[in-house]
Amino acid sequence: MLIDNHGRKINYVRLAVTDRCNLRCNYCMPAEGINFAKSDKLFTMQELGKLSELLVDQGVDKIRITGGEPFVRKDLMVLFRKLSKLQGLKDISVTTNATLIGPYIDELKELGILNMNISMDAINRDTFERITRRNQYDTVYENLVRLISEGFNVRINFIALDGQNTQDILPMLELAKHYNVSVRFLEEMPFNGGSKKFQSIVWDYKKILAHIADAYPDYYQLESPKTSTSINYKVPGFKGSFGVIPSFSRTFCGSCNRLRISATGDVITCLYGKPSMNVRDIFRREKSDELVKQHILEAVGSRAKTGFEAQKKYQGVFDNSMTSIGG
Ligand code: SAM
Ligand code: SF4
């Protein structure tokens, strides 16, 4: 069991399988990309499978596969096949931009991997293509609708970007009127590979909610798990729901149950903190399951209590890009 130094149980790991991506979302990285890791610095699928097994041994019951764009790894299904067989792993989730998932939808369904977070920051094509700096709108929209109609549990992640896409908040919310999806509006964080610095945001969760309340004053709050980062709501008559994620305001740190492992093996116990250690190096050097577990336990044992506390100790934090951290 992984218990941190503040008594919080860590049962959720976000595993980044690559830092590469076929989009260039302007809130995530510069147009030219970042200094992507060489392929031998990334875990192999076999290593990721083994690491997942060790984490599950330590009480982890939820793993989210993220990146970069996870589906740029052509052998990704090798990992999903392994994860789907791990006893004790109750929840396998994926965060994806939905550009490359099409050929894998049938097998994902067969494996029972149904929890899909799709990042889509505009319903308007021009806005979408301006933000992502690529022309993948049709593919994303088609895959989104296909995933919904195939019965996947789909959540849409929409970052509210001042001056870019906030006119799309209400039209995007309309999707929840017609489909059983959860549309989640996130605050922007300054993890964009240094391309844009900011100390505060205009569109925080309160402003997003106020904007929605103007159109739907009778929305009401839903119950959410204690460890949830989203606060969830429903508009009466809508098939789906919506949520806000105060990722910049950080109202949820107190109940944080998650650990991040970057595509190159950095163990990140807080999004706003410095990596604690590199588990890929230990994995490759020691070849001992017990030692790998011991290092993970130690990392968890020295966590910051909140993102604000972590940030104070780590000057370089905002030079990072989400494509390296995994969101
Ligand atoms: N490529 C996949 C995708 O976009 O869904 C997975 C990786 S992406 C880095 C994971 C999540 O981080 C996405 O939902 C994305 O919108 C979010 N993200 C990226 N940059 C962000 C930023 N600067 N602030 C807030 N969220 C961000
Ligand atoms: Fe790629 Fe996801 Fe970053 Fe967009 S948010 S550039 S899709 S990793």
Side-chain angles (χ1 to χ4, degrees), residues 14-34 36-37 63-73 76 93-101 104 115-122 127-137 139-140 143-144 147 152 154-162 164-165 168 172 182-205 208 229-230 243-250 252 258 260-264 268 271-272 307 317-327:
R14 299 178 64 100
L15 208 50
V17 298
T18 180
D19 58 353
R20 287 177 192 262
C21 188
N22 56 333
L23 301 186
R24 289 287 179 276
C25 303
N26 63 20
Y27 55 79
C28 179
M29 62 170 117
E32 65 279 14
I34 58 160
F36 295 109
I63 293 183
R64 173 172 297 283
I65 300 302
T66 177
E69 174 45 40
F71 290 94
V72 301
R73 292 282 305 255
L76 185 60
S93 303
V94 187
T95 302
T96 172
N97 62 29
T99 54
L100 304 168
I101 196 172
Y104 307 107
N115 296 334
M116 292 291 153
N117 283 10
I118 309 294
S119 303
M120 194 174 179
D121 307 291
T127 310
F128 180 87
E129 295 187 353
R130 209 173 307 123
I131 292 172
T132 59
R133 303 184 177 112
R134 297 288 185 272
N135 58 353
Q136 289 291 312
Y137 182 86
T139 311
V140 171
N143 283 333
L144 173 72
L147 287 163
F152 283 76
V154 176
R155 306 194 296 192
I156 297 169
N157 283 354
F158 177 111
I159 320 271
L161 303 160
D162 188 43
Q164 295 201 65
N165 64 353
D168 274 22
M172 188 58 102
S182 167
V183 183
R184 291 127 44 95
F185 300 100
L186 284 81
E187 294 177 348
E188 184 182 9
M189 294 181 274
F191 299 119
N192 46 45
S195 53
K196 175 182 157 199
K197 302 227 182 287
F198 54 91
Q199 303 277 338
S200 62
I201 47 169
V202 178
W203 284 84
D204 64 6
Y205 73 104
I208 298 168
T229 52
S230 61
V244 287
I245 304 191
S247 30
F248 186 81
S249 306
R250 282 165 267 173
F252 45 67
R258 65 196 58 198
R260 291 175 167 82
I261 301 184
S262 80
T264 53
I268 302 165
L271 187 53
Y272 287 82
V317 63
F318 295 138
D319 297 334
N320 285 345
S321 161
M322 270 308 191
T323 199
S324 309
I325 308 169

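Model, not experiment: these values are computed from the prediction. First listed ligand is number 1; within each ligand, the first listed atom is number 1.
Phe128 is listed as a side-chain neighbour of Val140, based on a closest heavy-atom distance under 4.5 Å. Annotation: side chain of Tyr272 is in contact with side chain of Met189 (closest heavy-atom distance under 4.5 Å). Side-chain atoms of Thr229 and Arg258, non-hydrogen and from C-beta on, do get closer than 4.5 Å to each other. Looking only at side-chain heavy atoms (C-beta outward), Gln164 and Trp203 stay at 4.5 Å or farther from each other. Residues Met116 and Ile101 meet the side-chain proximity criterion, which asks for heavy atoms closer than 4.5 Å. A heavy-atom distance below 4.5 Å is not found between the side chains of Met322 and Cys25. No side-chain heavy atom of Asn22 sits under 4.5 Å from any side-chain heavy atom of Phe71.
Protein heavy atom in closest approach to atom 16 (O) of ligand 1: Tyr27 OH, 3.3 Å. Considering only non-hydrogen protein atoms, atom 6 (C) of ligand 1 sits nearest to Gly68 O, 3.2 Å. Nearest protein heavy-atom neighbour of atom 12 (O) of ligand 1: Gly327 CA, 3.5 Å. Ranking the protein heavy atoms by distance from atom 24 (N) of ligand 1 puts Met189 N, 2.9 Å first. Of the protein's heavy atoms, Ser119 OG, 3.2 Å lies nearest to atom 4 (O) of ligand 1. The protein atom (non-hydrogen) at minimum distance from atom 9 (C) of ligand 1 is Met322 O, 3.3 Å.
Partners of Tyr205 according to the ring-ring contact (aromatic ring centres under 6.0 Å, His included) rule, which considers only residues two or more places apart in sequence or in another chain, do not exist here.
At a 3.5 angstrom cut-off on N or O pairs, Ser247 does not count as close to ligand 1.
Ligand 1 lies less than 4.0 angstrom from a heavy atom belonging to Gly67. Ligand 1 has no atom lying under 4.0 Å from any heavy atom of Met29. The closest approach between Thr66 and ligand 1 falls below 4.0 Å for a heavy atom of the residue.
A donor-acceptor distance shorter than 3.5 angstrom exists from the side chain of Asp19 to the backbone of Ala37, with no hydrogens or angles considered.
Taking a cut-off of under 4.0 Å to the non-hydrogen atoms of Ile159, the atoms of ligand 1 that pass are 16 (O), 25 (C), 26 (N), 27 (C). Atoms of ligand 1 found under 4.0 Å from any heavy atom of Glu187 (numbered from 1 in listed order, with element): 25 (C).
Between the side chains of Ser249 and Asp204, no donor-acceptor pair is found at a separation under 3.5 Å.
Ring geometry, Phe248 versus Phe198: the interplanar angle falls from 30° to 60°, so the pair is classed tilted.
Here the options are Arg64, Glu69, Arg155, the test is side-chain hydrogen bond (donor to acceptor under 3.5 Å, both in side chains), and the partner is Thr95; only Arg64 passes.
Around atom 3 (Fe) of ligand 2, the protein contributes the following N, O or S atoms under 2.8 Å, ordered by chain and number: Cys28 SG.
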